[in-house]
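Residue numbering restarts at 1 for every chain, and letters A, B, ... go by the order of the sequence lines.
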Amino acid sequence: MLASRRPSFGKQLAGDRIADVGRRGKYVVIELASGRSLVVSLRMTGLLIVQPQGAPRYPYTNVILEFTDGTRLAFADVRRFGRMRLVQKDEAWDAQLGIEPLSKAFSAQALGALMRGRRTPVKVFLLDQRRIAGVGNIYAAEALWEAGIKPTTPAGKLSTERIARLHAALQKVLRKAIDMRGTSARDYVDADGLAGGFQNELRVYGRSDEACPRCGKPLVRTVLAQRGTWWCRNCQR
DNA sequence: AGGCGTACCTGAGGGC
DNA sequence: TGCCCTCAGGTACGCC
């Protein structure tokens, strides 16, 4: 999915029009009037920036879409991990993506069913986009802290009660982060170039050696599936 | 199937 | 100052 580093669809977009902008998991979906979609994966440092006519080139811009009124949509990315792909009408580009964690279908029971029998650490499970689409490293860490669950616990070993707590925590964290327009830990800004606010609400992410907001013991950083993992050894079990 | 390691990139920050 | 090391909102691919 999204294999093109240097999009070659420039000419194909000429004359088309943006009909709507949406999201599926972590992918931004720009729906075009032609029925096609421009699907964007920001990965670690990617940004979509709307710029007025004549604005200076945004740093690390890789792709620019220019509209008839001169407005531009810039796709900028220091690390160039981000991807942009033109998807044809009815193409099932998201077939491998899992359930939306804020959808009605995502009940505690549904979460339990997805985790049943899985021996993978619950944090690794949360990051697997084929199971649940849209939870990243920050929100997995925050939700597990909120639920009082140790990140290495095998997903399939959680009790019904703990699954319910994890489910509630995930939705709480995601809703609040969306309300606050995201986490600007370092580079992230929205399409208007504005930083989000959730970095001020982080309880564990990036806070090695700081006091756990619940019990006061120092938080630790460990590594799980090659990802930094912040948690409290005392109150996450 | 599923789980694990590696590759892809650049810049910031800390230690010496 | 500057070099070297580690780390960072993620995903795809290949191997067992």
Salt bridge present between A:Glu201 and A:Lys176 (N-O < 4.0 angstrom): yes

Electrostatic pair A:Lys172-A:Glu146, nearest N-O below 4.0 angstrom: yes

Cluster overlap A:Leu32 with A:Phe9, hydrophobic side-chain contacts below 4.5 Å: yes

Residue matched to B:dT6 through Watson-Crick or wobble contacts both under 3.5 angstrom: C:dA12

Reading 5' to 3' through nucleotides 3-9 of chain C, protein heavy-atom contacts under 4.0 Å coded B for base, S for sugar-phosphate only, - for none: ----SBB

Separation of atom [atom1] in [X] from atom [atom2] in [N], rounded to whole Å:
X        : N      : atom1 : atom2 : result
A:Arg83  : C:dC13 : CZ    : P     : 10 Å
A:Asp77  : B:dT10 : CG    : C1'   : 9 Å
A:Arg118 : B:dG2  : CZ    : C1'   : 7 Å
A:Gln96  : C:dG10 : CD    : C1'   : 17 Å
A:Tyr60  : B:dC8  : OH    : C1'   : 17 Å
A:Arg130 : B:dA1  : CZ    : P     : 10 Å
A:Asn62  : B:dC8  : CG    : C1'   : 14 Å
A:Leu224 : C:dG10 : CG    : C1'   : 16 Å

Touch class at under 4.0 angstrom, heavy-atom based, for A:Tyr139 against every strand present: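 The residue A:Tyr139 makes no contact with any strand.
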
Syn/anti state of B:dG11 by chi, 90° boundary around 0: anti

Within 6.0 Å of NZ in A:Lys150, more than 12 heavy atoms from elsewhere: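 Count not over threshold, so no.
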
Within 6.0 Å of CD in A:Glu210, more than 12 heavy atoms from elsewhere: yes

Ring pair (Phe, Tyr, Trp, His ring centres under 6.0 Å) against A:Trp145, all qualifying residues, sequence neighbours excluded: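 With sequence neighbours excluded, A:Trp145 shows a ring pair (Phe, Tyr, Trp, His ring centres under 6.0 Å) to no residue whatsoever.
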
Nearest non-hydrogen partners of A:Leu202 and A:Ile138, listed with the distance: CD2-CG2, 3.6 Å

Phosphate OP1/OP2 of B:dT10 contacted by A:Arg80 side-chain N/O (<4.0 Å):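 It does, given that an N or O in the side chain of A:Arg80 lies less than 4.0 Å from OP1 or OP2 of B:dT10.
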
B:dG2 phosphate, OP1 or OP2, under 4.0 Å from A:Arg131 side-chain N/O: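 Yes, within the criterion.
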
Rounded distance in Å between the P positions of C:dG9 and B:dG13: 16 Å

Aro-ring/base stack A:Phe81-C:dT11, d under 5.5 Å, angle under 30°: no

